[in-house]
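One structure is given here, and the rest of the page talks about it.
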2 protein chains.
Amino acid sequence: MDTTQLLKGVLDLAVLAVLKDEDGYGYDILRRLRTAGLEEVGDASVYGTLRRLFQAGLLNTYVVPSEEGPHRKYYGLNAAGRDQLNRAGKTWRGFASTMDALLDERGVAA
Amino acid sequence: MDTTQLLKGVLDLAVLAVLKDEDGYGYDILRRLRTAGLEEVGDASVYGTLRRLFQAGLLNTYVVPSEEGPHRKYYGLNAAGRDQLNRAGKTWRGFASTMDALLDERGVAA
DNA sequence: GAAGCTACTTCGCAATGCGAGGTAGTGTCA
DNA sequence: TGACACTACCTCGCATTGCGAAGTAGCTTC
């Protein structure tokens, strides 16, 4: 079972979540996700997601030149982004508990 | 946030799960899933998933004529299917708890 | 000056859920 | 009888989205 497919629709949520407390740039967000346990996330997925979320008006962005490497394109949640984070979070929780119940009732897996 | 995207990769697991205790035919499986809380699942998705699972060698199938309507194409788990169900179940539980932790740490949603 | 890490981008593919449409059998009810 | 509705299945093609591959570029270290 591919974790790739499980990520569909959830990566948005995950990216919004790791941006909640602190703005971040792509490469850094990638690291945060992997540290959080999503180790198989590809970099192209993150950059693509950021672009989509930005185009959807959920993120602000600004470029910061770095003294120790290439420039960094920072992203941060705006009001709409925070809103979406909450909504997506609830959707996820609901969905996950539906699935858990479905599995529990049939005694699937540990 | 689309539940459609959340279903990706999980529908396989859900279908395997509802077949664990009792064989079923497409239309019936659709009802089981909807009853279990996955109300937005489309019929085409279920039929497609069944075909894929069958082609992957995880299901047995046999046709039973019905006296109260069209014939029914039953599907049931075989050994490989039960195996896959357990593996996919564990993958899901792991993934879900990773996501939950990620959200919890940042105090997202209820 | 070759590696290797940081940092971002573009391209096109693969997987999969779904809507739309079609085919049939059965039952109901005016 | 004829219209409708429910059961039951199938096919086609689209939309979304995560990803691999490849490329560009700056910086540090050996």
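Residue numbering restarts at 1 for every chain, and letters A, B, ... go by the order of the sequence lines. Below, all heavy atoms of this structure are taken into account, side chains as well, without hydrogens, waters or symmetry copies. Not measured: the values here are computed from a predicted model.
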Backbone N or O of A:Arg106 within a donor-acceptor pair of the B:Lys20 side chain at under 3.5 Å?
-> yes

Separation of C:dC18 atom P from B:Asp12 atom CG, nearest Å, is 12 Å

When B:Leu16, B:Leu58, B:Leu77 are each screened for side-chain contact (heavy atoms from CB on, under 4.5 Å) with B:Arg82, the one that passes is B:Leu77

Whole-Å distance, A:Phe95 CZ to C:dG17 C1', equals 12 Å

Name the nucleic acid region contacted by A:Lys8, choosing base, sugar-phosphate or nothing; use a 4.0 angstrom heavy-atom cut-off, strictly under. base

Passes side chain to side chain donor-acceptor pair (under 3.5 Å), A:Gln55 versus A:Arg52? Steps please. CA-CA 5 Å; A:Gln55 283 173 341; A:Arg52 260 186 300 116; over 6 Å; no

From CG of A:Leu6 across to P of D:dC19 the rounded distance in Å is 11 Å

Sorted by position of nearest nucleotide on DNA chain D, 5' first, the leading residue of A:Ser66 and A:Glu40 is A:Glu40

When rounded to whole Å, the CD to P distance for the pair A:Glu39 and D:dC19 reads 13 Å

Residues in residues 45-55 of chain B with a heavy atom under 4.0 Å of DNA chain C, by number, are B:Ser45, B:Thr49, B:Arg52

A:Leu11 atom CG is separated from D:dC19 atom C1', nearest whole Å, by 11 Å

Checklist line | Under 3.5 Å: donor-acceptor pair, side chain of A:Asn78, backbone of A:Gly57 | finding: yes

Q) Is it true that atom CD of A:Glu22 has more than 12 heavy atoms of other residues, nucleotides or ligands lying nearer than 6.0 Å? A) no

B:His71 NE2 to C:dT26 C1', in whole Å, measures 14 Å

Kindly give the atom pairs (protein nitrogen or oxygen, nucleotide nitrogen or oxygen) under 3.5 Å for nucleotides 1-7 of chain D.
{"from": "D:dT7", "atom 1": "OP2", "to": "B:Tyr27", "atom 2": "OH", "distance (Å)": "3.2"}

B:Gln5 atom CD is separated from C:dG19 atom P, nearest whole Å, by 12 Å

When you compare the side chain of A:Leu38 with that of B:Leu102, does any pair of heavy atoms fall below 4.5 Å?
yes

So, does A:Thr4 get its side chain near the phosphate of D:dG18, meaning an N or O under 4.0 Å from OP1 or OP2? no

Fill in: Electrostatic pair B:Asp28-B:Arg72, nearest N-O below 4.0 angstrom
no

Exercise. Could you tell me whether A:Arg93 and B:Asp104 have a side-chain N and a carboxylate O separated by less than 4.0 Å?
Key: yes

Checking A:Asn60 against A:Tyr74: is there a side-chain donor and acceptor pair closer than 3.5 Å? no

To the nearest angstrom, the CG-C1' distance between A:Leu38 and D:dG18 comes to 13 Å

*So what does B:Asp43 touch, heavy atoms closer than 4.0 Å: a base, only the sugar-phosphate, or nothing?*
base

